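The structure displayed is predicted, hence computed values, not measured ones. A note on names: the letters A, B, ... follow the listed sequences, proteins ahead of strands, and every chain is numbered from 1.
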Amino acid sequence: MPELPEVETVVRGLREALPGRCIVSVRLGKTDFIDDPAALESDLPGNRITGVRRHGKFVVVELEARAGAAASACLLVHLGMTGQLTTGRADTPAAPHTHVFFALDDGQELRYTDIRRFGRMVLASEGLRERVLGPLGLDPVEAGERDFCERLRGRRARIKALLLDQRVFSGMGNIYTDESLWRARIHPKRIAASLKEAELARLYRAVGDILREAIRLRGSSVSDYVDAKGERGEYQMRHRVYQRNGRKCHRCGALIRRVIVAGRSSYFCPRCQPAPRGRKRVRRQRQLKIKKAPARMKKPA
DNA sequence: CTTACGGCCTGGGTGC
DNA sequence: TGCACCCAGGCCGTAA
């Protein structure tokens with residue numbers, strides 16, 4: 001499951017192979033994850049790659065501005081759950097589920113492999129690029145503490161939902177939100193607005209430290225993830241809660257539990273990350289006594 | 001507007 | 001051996 005550290009690792013690998021290369025030809029297999037497959041085939045050959053960047057969980061392959069073009073285009077790739085971008089010699093056999101082949105001018109080939117095809121690929125003009133990447137939130141690795149906390153303060157949603165929301169922060173997925181919340185000792189169901197300043201600060205530190213450490217270890221390979229050279233990451237060895245249901249908490253020894261939060265499996269330590277106060281009972285009592293809540297002030301338009 | 005939730009896409013793994 | 005089912009992440013529509 002490529003999240004920020006995995007995508008960052010892929011990008012760093014691609015950066016060693018792609019800049020300066022020219023795309024010679026494009027060959028496509030299944031194309032239902034590509035916005036406009038015909039455009040890839042017709043417009044990409046002849047383009048030179050100038051750089052590779054990460055934006056949230058997107059890989060951005062920068063293309064040289066062509067003569068006469070107002071602005072340079074780029075290839076946006078989202079790896080979804082099982083997407084892989086790898087480079088290697090063009091004459092090596094392709095892995096199963098490889099659906100895009102970009103032949104390069106040095107005999108190498110950039111390939112996109114995706115078992116589930118939950119990924120996305122789009123050749124984007126300046127405007128389209130802005131439409132896709134523009135809504136993405138703060139990069140949690142680059143964010144300062146002030147900006148990070150500002151994004152959460154006062155929000156009434158569960159903290160886990162906000163960490164996963166790519167418009168709030170871009171790059172976090174299920175693994176790193178759970179790991180970060182465990183390290184910060186915050187239950188995934190906590191309402192963001194209920195977090196004390198010390199908890200927000202702890203969360204900021206936890207997120208940054210964990211993502212940086214995961215990048216250092218080249219990401220987590222829990223299922224299919226491999227980097228641009230086809231190698232697995234090592235951060236899965238450091239997971240403290242993710243998919244450790246029923247095993248002992250590294251900090252206190254209590255058994256890790258799994259609950260659904262924000263529609264996602266969420267792993268946490270019930271002792272280190274105390275659940276927020278339930279309100280079911282209170283609400284039921286109130287309903288018996290007070291039939292109707294007082295009408296709220298309605299602001300005139 | 002904000003938030004919650006269910007459905008959808010696909011196919012590997014699991015359990016019967 | 002086969003088969004139904006679950007689940008993954010992102011996105012979208014709907015409802016409160």
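Within 6.0 Å of CZ in A:R257 there are 12 or fewer heavy atoms belonging to other residues, nucleotides or ligands. Within a 6.0 Å radius of CZ in A:R205, other residues, nucleotides and ligands contribute 12 heavy atoms or fewer. Other residues, nucleotides and ligands place more than 12 heavy atoms under 6.0 Å from the CZ atom of A:R53. More than 12 heavy-atom neighbours from other residues, nucleotides or ligands sit within 6.0 angstrom of CZ on A:R251.
Here B:dT10 presents its C1' atom at 9 Å from CG of A:D114, a figure rounded to the nearest Å. Between the C1' atom of C:dC12 and the CZ atom of A:R167 lies a distance of 11 Å, rounded to the nearest Å. Rounded to an integer number of Å, the gap from A:R120 CZ to C:dC12 P is 8 Å. Separating the CD atom of A:Q84 from the C1' atom of B:dG12 is a distance of 14 Å, rounded to the nearest angstrom. Atom CG of A:D165 is separated from atom C1' of C:dC12 by 13 Å (rounded to the nearest Å). Taking atom CG of A:D32 as the reference point, atom C1' of B:dG11 lies 13 Å away to the nearest angstrom. One can place CD1 of A:I159 at 14 Å from C1' of B:dT3, the figure rounded to the nearest angstrom. For the pair A:E3 CD and C:dG9 P, the computed distance is 7 Å after rounding to whole Å.
Considering all non-hydrogen atoms of both residues, A:C269 and A:V241 come closest at N-CG1, 4.3 Å. For the pair A:E8 and A:R54, the tightest heavy-atom approach, listed with the atom from each and the gap, is OE1-NE, 2.7 Å.
Put simply, A:K30 has a side-chain N or O that comes within less than 4.0 Å of OP1 or OP2 on B:dG11. Residue A:H97 has no polar side-chain atom (N or O) positioned under 4.0 Å from OP1 or OP2 of B:dT10. A sub-4.0 Å separation between OP1 or OP2 of B:dC9 and a side-chain N or O of A:R117 is absent.
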Between protein and nucleic acid, restricted to nucleotides 2-8 of chain C and to nitrogen or oxygen atoms under 3.5 Å apart, what atom pairs and distances do you find?
| from | atom 1 | to | atom 2 | distance (Å) |
| --- | --- | --- | --- | --- |
| C:dA8 | OP1 | A:S265 | OG | 2.5 |

Checklist entry - What's the verdict on ring pair (Phe, Tyr, Trp, His ring centres under 6.0 Å) for A:F102 and A:Y112, showing C-alpha distance, side-chain angles and the deciding distance? => result CA-CA 9 Å; A:F102 301 100; A:Y112 182 72; 8.8 Å; no

